[in-house]
Amino acid sequence: MNKKGDMTIVSQRNIAKNIFELTLKGDLVRNMNEPGQFVHVRVNNSYLPLLRRPISISSINKEKNECTLIYRAEGMGTELLSKKMVGETLDVLGPLGNGFKIKEMALKKTALLVGGGIGVPPLYQLSKELKAKGINVIHVLGFQDRETVFYESEFAELGTTHIATADGSYGEKGFVTDVIRKYNLDFDHLFSCGPTMMLKALQEEHGHKDVYLSLEERMGCGIGACFACVCRVSENSTDYKKVCSDGPVFKGGEILL
Ligand SMILES: Cc1cc2nc3c(=O)[nH]c(=O)nc-3n(C[C@H](O)[C@H](O)[C@H](O)COP(=O)(O)OP(=O)(O)OC[C@H]3O[C@@H](n4cnc5c(N)ncnc54)[C@H](O)[C@@H]3O)c2cc1C
Ligand code: FES
């Protein structure tokens, strides 16, 4: 299966403060069959920056051979990416990693999808696929402040959507865990992506349920060869897993957060 190819930028737009939505067209889309996988993008043709940047696949459009990424321009790589124009091509490796394996799951009635900041994007494709299977989806999305909120209406079209901001400037004030408690949200499956502290809090409170967590770790190769992205499986063991090739999605409790 060809994992590397050129993709053409068909649109790039600024959707919130420092947040960009980038749509790419290319044959790699044919292999994108699992929500939660990522692509590893070369943001420049020169040596700087040398390493590719991992970005989750936010939505997949098979008919058009397109996929959409949503990213925050924060460092050198993503700043460069945000300057790319429609019609330019990008060298992309993907789809990579193990995503949310909902095709293999005996899904029950309700799924709670919890996203934090730039962990929100992969949940969009996941939500679309769950909804298509007749699952009731509830979203709890956490952001820093009003200016960084994105895709509220896109998620709201698929199911009930709660927005929380850390400073209370939009939606509920506080963390995603506060919202889940406040509304006493009941669910059969929990899917989450976001900062490790958030995943840890969710695992502590809901670890007895069916939980899947998507992790971000600094990456080198993105394909399991360089060991840059390892995480330990437990406190008293030296065993580890690689976020790029064993993850990024893990079952709750599978790794040490
Ligand atoms: C599986 C996965 C999925 C991701 N999905 C998204 C997404 O959908 N949207 C989005 O905005 N960001 C996502 N990220 C984070 C994104 O990769 C980093 O924000 C980005 O690499 C930062 O690059 P930079 O050059 O702008 O910053 P710099 O700080 O200059 O990056 C330097 C190096 O650190 C790595 N790095 C920096 N921050 C992170 C981070 N938080 N996680 C992992 N590596 C990092 C870079 O890959 C690079 O090698 C994802 C990360 C992973 C591992
Ligand atoms: S990034 Fe190289 S092993 Fe995961």
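Ligands are counted one by one from 1 in listed order, and the atoms in each one are counted from 1 as well.
- Partner of Pro95 under the side chain to side chain contact (heavy atoms under 4.5 Å, CB included) criterion, out of Gln37, His40, Glu34: Gln37 alone.
- Phe20 is linked by a ring-ring contact (aromatic ring centres under 6.0 Å, His included) to Tyr71, counting only residues two or more places apart in sequence or in another chain.
- Residues Glu235 and Leu256 are in side-chain contact: their nearest non-hydrogen atoms beyond the backbone lie under 4.5 Å apart.
- The Ile118 neighbourhood of ligand 1 comprises atoms 7 (C), 8 (O), 9 (N), 10 (C), 11 (O), 12 (N), 13 (C), with distances under 4.0 Å to a heavy atom of that residue.
- Distances under 2.8 Å from atom 2 (Fe) of ligand 2 pick out the protein N/O/S atoms Cys221 SG, Cys226 SG.
- Atom CD of Gln144 sits in a sparse spot, with 12 or fewer heavy atoms from other residues, nucleotides or ligands closer than 6.0 Å.
- For ligand 1, one of its N or O atoms has an N or O atom of Arg218 under 3.5 Å away.
- The side chain to side chain donor-acceptor pair (under 3.5 Å) test applied to Glu74 returns Arg72, not counting sequence neighbours.
- When only interatomic distances are considered, the shortest N/O to N/O separation between Phe38 and ligand 1 does not fall below 3.5 Å.
- Of the candidates Pro49, Gly117, Ser56, the one placing a heavy atom closest to atom 8 (O) of ligand 1 is Ser56.
- With Arg52, Met219, Glu216 as candidates, the residue nearest to atom 41 (N) of ligand 1 on a non-hydrogen basis is Glu216.
- At the shortest separation from atom 9 (N) of ligand 1 among protein heavy atoms lies Ile70 O, 2.9 Å.
- Counting protein heavy atoms only, atom 50 (C) of ligand 1 is closest to Pro54 O, 3.2 Å.
- Under the 6.0 Å cut-off for aromatic ring centres, Tyr170 and Phe143 do not qualify, their centroids lying 6.0 Å or more apart.
- Contacts of Phe250 classified as ring-ring contact (aromatic ring centres under 6.0 Å, His included), with partners at least two apart in sequence or in another chain: none.
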Next on the checklist: Would Lys62 and Asn33 count as a side chain to side chain donor-acceptor pair (under 3.5 Å) here? Give the steps.
Outcome noted: CA-CA 9 Å; Lys62 292 270 184 182; Asn33 298 314; 2.7 Å; yes
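- Of the polar atoms of Gly75, at least one N or O is found under 3.5 Å from an N or O of ligand 1, judged by distance alone.
- When the options Arg53, Met76, Arg72, His40 are ranked by their closest heavy atom to atom 32 (C) of ligand 1, first place goes to Arg53.
- Residues Phe100 and Tyr212 place their aromatic rings such that the two centres sit no closer than 6.0 Å.
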